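First the structure, in the form of structure tokens, and then the observations on it.
Source: prediction; values computed, not measured. In the text below, chain A, chain B and the rest are named by the order of the sequence lines, each starting its count at 1. Scope of the values below: all heavy atoms of this structure, side chains included, with no hydrogens, waters or symmetry mates.
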Amino acid sequence: MESFRAVFVAVFVGTSLVVGAVLLNQRRPELERSLPTADLVRATGQCASCHRDETAAVVEQYDRSAHNRAGINCLQCHGPADGQEGVEHRGFEITPAVTSANCAQCHAEQYDQFLRSRHAAPAYAAVTGPDPFTPEQVAFAERYHPGAVNRPANELALLEGESAIRSGCATCHAVGRPNADGSIGTCTQCHARHQASVELAREPRTCGQCHMGPDHSQLEIYEESKHGVIFHAMRDELNLAAPPDELTTADMSVPTCATCHMSGLEGAGVTHDVTERLSWWLFAPVSERRPTYLQGQDAMKSLCNTCHAASRTDAFYAAAEEVVADTNDKVAAAGALMDSLRAEGHLTPAPYDESADLVYFDLWHYYGRTAKHGAFMGGADFVQWHGNYELLAKTVELREIARELREREVR
Amino acid sequence: MHAMKSRLRSPAWLLEAFVATNLLFLVVDIALAHSVNEFAHPAEWIPLWFSGLAGLALGATLLAEDPRRGGAGRLREVLGWLAVAVGVSGLLWHLSGEFFQEFALASLVYSAPFVAPLAYTGLGLLLLLNRRLDADEDFAWGQWVLFLAFAGVAGNFGLSLADHARNGFFDWREWIAVGTAALGVGGVLVAILWPRSVPARQVAWVVLAAQVVVGLGGFALHAAPLFDHPSLEGLAGRVIYGPPIFAPLLFVNLALPAALGLWVMGGWREHASR
């Protein structure tokens, strides 16, 4: 009897503990237990146990992210993707740099759309030219943006020097920088790293990190526009975190940059090709229609028509295109004057070495662009005072310089 | 030679030798455990230094004529209380870990193991116990040693569960460790509940034998990645970040004082009659 009692109690207690352990283990989220490798399981908590002390902010950011809610853990993004060489980090093999290749493991469609956009290779090539890219990458980008990658490095940036490029130009243009793993760009430029946030990408200021300033003052124009004013007035009532595929005007009754250029508002197809809904090359000195002019304009107009009457949209486009045409004329006239001065030998062939070069550059690069962007974004003041008035002023200044140069020759 | 032989037959001396070797071994164990977070806080060095100094001091006094009397005896008293203090303060440090910031099962698995520092408390209590009870005179000596070993076995069950949950019991064999640890709790508990029952102690002996076998087997399994771990470069990385190599030896280690307690309890009448 004593023997039975001893064995029974020992086995009963032991079994109870094992059953308790199994039940406790099953309480762990299925996502944690069903991961394909032991390292991925460990990463569900091991990373945070150190980084909560060492880099606390990133853990807090991740905790609030959609990635966390979806059960995506650190190693799924920080583990080496194809083409990346891993490094040992406290028992895990991780990649030293998370690139779009890591994001593309799950978000392949978005990455493909991004690759076709001007945010990809053309953005970085605008500073560096084609050298950092592989021939395949150049060929791919040239299919969608002829001449945007196969182009000389930016002459102005070269004159300003390496540090200006590194800490200035490249900071924004790195959105399309080629990575060692063969991918291009980093999604975190817009979504941030550990937030991985759709909400953040829909914030006007996120786009405005780069799309601001005299050369492309989209953020300033937006802030002045009715869209921007209403956005700030109603910010608390908007649901910027709505899933992209399900975004409705109930979530965002007023648009931000991403709403018009990328969103799937009311069933429109979501796109990460930010050039898909554009119809003009507004950045150019003399703007031309894009090869996809009609598709781009139709796509954008259908977005506009989600909130505006089609007739209003058509009228808005017609007015904006008038500004483009007039600006083209003004810039073309200034360009012709520069060509004639150069032909007459009053200017050197070298870029940006004389005041006339810089006046002309300001004319089209700052004020021409500003007038055109202002027209397409509803920024009246930018069409007028920051655009056309300055265009006129720079035209007068350029004519004055031309007159002086020609008179100097006569004397 | 004769003195050494008689010491090896003395449960009290063997218990203190167990404590001394444990303290010295903890130097290595703490070095590895705290290397995981690169000794992020200076306080993490305290148990390492304490283990080394206390282990050496205790080891030296074990060679004294009568280790439990005079200066050596007082040193034990001090070391005992210090070990209790280190264990309790370590517990409090570990309590500030993630689990107590965010009370969730997952964070318990990945927090600093808050019961682990209680190993010091257990060792300290063994020293203090040895000062207060005579293994040859008091039946309670064996009971207390078994009880403290039981506390360790119970802690080992929790640690074994949390450690293996960390990688999601990716290998089914990880459940063997948990099952054996659970059986260890039941088996030793039986001997505590019915200390004078021979069958109860026999069950405990069998269970302790299983702990030893599983502990050694686990050690072999944990050591295997030292030679071939896919994502860790270098021996140091594999030892620090690989499976905790010495953890399975805790099964064996806890079986020793438990066996000592059972041995004394089983032979107490024989001792008393001499």
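When heavy atoms are compared at a cutoff of 4.5 Å, Leu40(A) does not approach chain B at all. Contact of Pro80(A) with chain B is not made at all, since no heavy-atom distance falls under 4.5 Å. Only the side chain of Leu189(B) comes within contact range of chain A, with heavy atoms under 4.5 Å apart.
Within a 6.0 Å radius of CZ in Phe39(B), other residues, nucleotides and ligands contribute more than 12 heavy atoms. Within a 6.0 Å radius of CZ in Phe147(B), no more than 12 heavy atoms belonging to other residues, nucleotides or ligands are found. The local environment of CZ in Arg235(A) is crowded, with over 12 non-hydrogen atoms from other residues, nucleotides or ligands closer than 6.0 Å. More than 12 non-hydrogen atoms from other residues, nucleotides or ligands lie less than 6.0 angstrom from CZ of Arg5(A). Counting non-hydrogen atoms of neighbouring residues, nucleotides and ligands closer than 6.0 angstrom, the CG atom of Asp112(A) exceeds 12 such neighbours.
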Run the side-chain contact (heavy atoms from CB on, under 4.5 Å) test on Tyr241(B) and Glu88(A) for me, step by step, so that the C-alpha distance in whole Å, both residues' side-chain angles and the decisive distance to 0.1 Å come before the verdict. CA-CA 10 Å; Tyr241(B) 300 114; Glu88(A) 199 280 324; 4.0 Å; yes

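The minimum heavy-atom distance between Ala21(A) and Val178(B), with the atom names listed, is CB-CG1, 4.0 Å. Val41(A) approaches Ala165(B) most closely through the heavy-atom pair CG1-O, 4.4 Å. When all heavy atoms are compared, the tightest approach of Ala200(B) to Ala6(A) is CA-CB, 3.6 Å. Shortest non-hydrogen contact noted between Val9(A) and Trp194(B) is CG2-CH2, 3.8 Å. When all heavy atoms are compared, the tightest approach of Gly179(B) to Val18(A) is CA-CG2, 3.6 Å.
The shortest side-chain heavy-atom distance between Trp175(B) and Asn25(A) falls under the 4.5 Å cut-off.
Atom OG1 of Thr37(A) is separated from atom CZ of Phe170(B) by 6.0 Å, given to the nearest 0.5 angstrom. Here Leu161(B) contributes atom CG and Leu17(A) contributes atom CG; the two are 9.5 Å apart, rounded to the nearest 0.5 Å.
Residues of residues 201-212 of chain B lying under 4.5 angstrom from chain A, judged on non-hydrogen atoms, are Val203(B) by number.
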